Every structure is written in structure tokens, then in C-alpha cells.
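Each remark here refers to the structure printed beneath this line.
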Amino acid sequence: MSDKIRLMLVDDQRLMRDGMRTLLELEPDLEVVTEAGNGLEAISHYLEHQPDVVLMDIQMPEMDGVAATRQLVAEHPEALIIILTTFDDDLYIFEGLRAGALGYLLKDVSGKELAEAIRTVHGGGALIEPSVARKMVAEFARLPNNQGEQGELLGPLSEREMEILRMMAKGQTNREIAQRLYLAEGTVKNYVSAILNKIGARDRTQAALMAQKLGLL
């Protein structure tokens with residue numbers, strides 16, 4: 001079995017896919033196993049190839065990246081999707097993340113930055129382009145408590161859970177947290193699940209935003 005992270009590239013521009021493939025396969029731990037030119041193809045190819053991480057464009061014919069992300073996450077909750085786009089538009093950002101993407105990067109990132117983003121998401125983290133993250137925090141801060149998805153904690157967080165939450169908010173993966181706190185990676189995974197349940201978040205990115213809204217960070 002290969003130890004490489006298996007990738008699917010989804011973009012309607014073949015030249016863009018070719019360029020990404022060339023850059024990513026320079027990394028010894030990354031392998032592009034399939035490509036798709038629109039959201040419908042992505043859903044079909046995901047089932048066939050079971051990639052570890054999906055790089056998803058937004059604007060595509062037949063089915064756009066937001067709709068494809070939403071359907072993939074609904075049908076395959078384990079799907080790890082990074083939206084990679086030229087659009088730094090608020091609507092696309094929020095819709096993409098609400099759909100279940102764990103990363104949102106602009107296409108002007110370097111090959112090394114993209115590779116690190118893939119490793120972060122594959123390792124259990126989330127990664128958002130800094131300019132995009134600022135917009136997300138600003139938008140979330142404007143929401144009244146009764147319009148957020150969670151206005152209060154569903155249960156108190158222990159001191160250890162708070163420590164792990166702060167590390168999650170910094171983008172650290174389960175493995176990095178485990179190494180830092182001298183815990184088993186499976187133990188950290190259990191803590192993360194408990195934190196998500198108590199905050200009422202579906203993923204690490206949403207947990208960090210909700211924690212900030214609740215004044216926990």
C-alpha cells in the first residue's frame with residue numbers, strides 16, 4: 001500500500017489541472033489519482049477512486065464546486081475537500097465552507113503552500129487563506145447570537161478541552177496536538193469530537209469561529 005496522500009483535482013480548465021498535477025507530484029508524499037472537469041464528474045470519480053483529499057474549483061459547468069462539495073460531504077462524511085479558486089468573494093467563501101469544505105485557498109498560492117495545506121487537512125486540520133479567514137471572522141462577529149448556529153455551550157469544556165481547542169484554532173493537526181501534549185493521537189481525536197459536540201460545530205473551522213464568538217479564545 002502506498003503511503004502517499006491520494007488526490008483528486010476538480011477544475012473545468014485542463015491547463016489548470018495539468019499545472020496543479022505537475023506541481024503537486026513534485027512532492028514525494030502526494031499523488032494525483034484522478035481528475036474531474038465538473039461537480040458531477042467529481043462525485044462519480046470520488047466513489048470510484050476514494051481519494052484522500054479533493055481540490056475543488058467553484059465555478060464549473062453542470063454542477064459547481066459548492067453543490068458538489070455539499071453532495072460529497074452528505075454522501076461521504078469522511079471526504080476532505082479544499083476549495084481552490086480565483087474568487088475572493090464573500091458569498092463563495094461562506095457557501096463553500098457551509099457546504100463542508102475544510103479549506104479555502106486562492107489559486108495564487110505557491111505549490112509548496114498548497115502541498116502544506118493538503119497535509120494539514122489530511123492530518124485532521126483545517127486551513128483557510130488568511131484574507132479569507134479575516135472575512136469569516138468579521139462576518140461571524142456581526143451575527144447576533146440568535147442567528148449563529150450556536151449561542152451557548154451544550155456542555156462545559158474541561159481545562160484539557162480548552163487547551164486542545166486553542167491548539168485547534170491555530171490550525172494544529174491531531175498528530176501535532178498529540179505530540180505537544182504527550183497524548184495518543186486517538187485520544188486527541190476523542191477530545192476533538194467531544195469539543196465539536198459541546199460547541200455544536202460540524203468541523204474544526206466552525207469550532208474555532210464559534211469559540212471566538214462565545215469568548216472562549
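Everything numeric here is computed off the predicted structure, so don't read it as measured data.
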Subject >> Asp57 vs Asp64 side-chain heavy atoms within contact, under 4.5 Å >> reply: no
Subject >> Side chain proximity check, Val192 to Leu165, heavy atoms < 4.5 angstrom >> reply: no
Original post:
Taking all atoms of both residues into account, what is the closest heavy-atom pair of Leu30 and Ala115, and its distance?
Top reply: CD1-CB, 3.8 Å
Original post:
Do Met8 and Val32 pass the side chain to side chain contact (heavy atoms under 4.5 Å, CB included) test, and can you show the C-alpha distance, the side-chain angles, and the key distance before you say yes or no?
Top reply: CA-CA 6 Å; Met8 175 166 69; Val32 177; over 6 Å; no
Original post:
Closest approach of Ala36 and Ala42, non-hydrogen atoms and distance?
Top reply: CB-N, 3.5 Å
Original post:
Does Ser44 use its side chain to pair, donor to acceptor, with the backbone of Leu40 at less than 3.5 Å?
Top reply: no
Original post:
Is atom CD of Glu78 surrounded by more than 12 heavy atoms (other residues, nucleotides or ligands) closer than 6.0 Å?
Top reply: yes
Original post:
Is there a side-chain contact between Ile82 and Met56 (heavy atoms, below 4.5 Å)?
Top reply: no
**OP:** With rounding to the nearest 0.5 Å, note down the distance linking CZ in Arg70 to CD in Glu75.
**Re:** 12.5 Å
Original post:
Just wondering, do Met168 and Ile177 contact through their side chains at under 4.5 Å, heavy atoms?
Top reply: yes
**OP:** Grab the two heavy atoms, one from Gly37 and one from Arg17, that are nearest each other, plus how far apart they are.
**Re:** CA-NH1, 3.9 Å
**OP:** Kindly work out whether a path of hydrophobic side-chain contacts (I/L/V/M/F/W/Y, heavy atoms less than 4.5 Å apart) joins Val33 to Leu26.
**Re:** no
**OP:** Take Arg119 and Asp29, measure what side chain to side chain contact (heavy atoms under 4.5 Å, CB included) needs, and give me the verdict at the end.
**Re:** CA-CA 9 Å; Arg119 295 181 187 111; Asp29 59 333; 2.7 Å; yes
Original post:
Taking the side chain from Thr22 and the backbone from Asp18, do they hold a donor-acceptor pair closer than 3.5 Å?
Top reply: yes
Original post:
What residues, two or more places apart in sequence or in another chain, satisfy side chain to side chain donor-acceptor pair (under 3.5 Å) together with Arg175?
Top reply: none
Original post:
Are Lys112 and Glu27 within salt-bridge range, i.e. N to O under 4.0 Å?
Top reply: yes
Original post:
Between Arg21 and Leu9, does a side chain to side chain contact (heavy atoms under 4.5 Å, CB included) hold up when you go through it step by step?
Top reply: CA-CA 8 Å; Arg21 177 188 282 270; Leu9 308 182; 4.0 Å; yes
**OP:** Could you tell me whether the side chain of Leu7 reaches within less than 4.5 Å of the side chain of Glu31, counting heavy atoms only?
**Re:** no
Original post:
Would you call Asp11 and Lys107 a salt bridge, using N to O less than 4.0 angstrom?
Top reply: yes
Subject >> salt bridge (charged side-chain N to carboxylate O under 4.0 Å, His left out) pairs, two or more places apart, involving residues 38-55 >> reply: none
**OP:** Quick one: closest heavy-atom pair of Ala68 and Gly39, and the distance?
**Re:** CB-CA, 3.6 Å
**OP:** Determine whether Leu114 and Leu55 make a side-chain contact, defined as any pair of heavy atoms from C-beta on separated by less than 4.5 Å.
**Re:** yes
**OP:** Can you spot which of Val54, Asn38, Ile43 makes a side-chain contact (heavy atoms from CB on, under 4.5 Å) with Val10?
**Re:** Val54
Subject >> Side chain Glu176, main chain Thr173, donor-acceptor under 3.5 Å >> reply: yes
Original post:
What distance separates Leu106 CG from Glu113 CD, expressed to the nearest 0.5 Å?
Top reply: 10.5 Å
Original post:
Would you say Leu105 and Leu23 are hydrophobically clustered, going by side-chain heavy atoms of ILVMFWY under 4.5 Å?
Top reply: no
**OP:** Quick one: pull up OH in Tyr191 and CE in Met162 and give me the separation to the nearest 0.5 Å.
**Re:** 14.0 Å
Original post:
Which residue pairs pass the ring-ring contact (aromatic ring centres under 6.0 Å, His included) test with at least one member in residues 62-83, sequence neighbours excluded?
Top reply: Tyr46-His76
Original post:
Taking a hydrophobic cluster as the set of Ile, Leu, Val, Met, Phe, Trp and Tyr residues connected by side-chain heavy atoms closer than 4.5 Å, whether directly or through intermediates, do Leu183 and Met167 fall within one such cluster?
Top reply: yes
Original post:
Ignoring hydrogens and geometry, is there a side-chain-to-backbone donor-acceptor pair from Arg6 to His49 under 3.5 Å?
Top reply: yes
Subject >> Heavy-atom check, side chain of Ile81 versus side chain of Leu72, under 4.5 Å >> reply: yes
Original post:
Is there a path from Val109 to Leu80 through hydrophobic residues (I, L, V, M, F, W, Y) whose side chains come within less than 4.5 Å of each other?
Top reply: yes
Subject >> Validation row: Ile58, Leu84 side chains within 4.5 angstrom (heavy atoms) >> reply: no
Original post:
At what distance, to the nearest 0.5 angstrom, does CD of Glu62 lie from CE of Met60?
Top reply: 10.0 Å
Original post:
For the side chain of His45 and the backbone of Glu35, is there at least one donor-acceptor N/O pair under 3.5 Å apart?
Top reply: yes
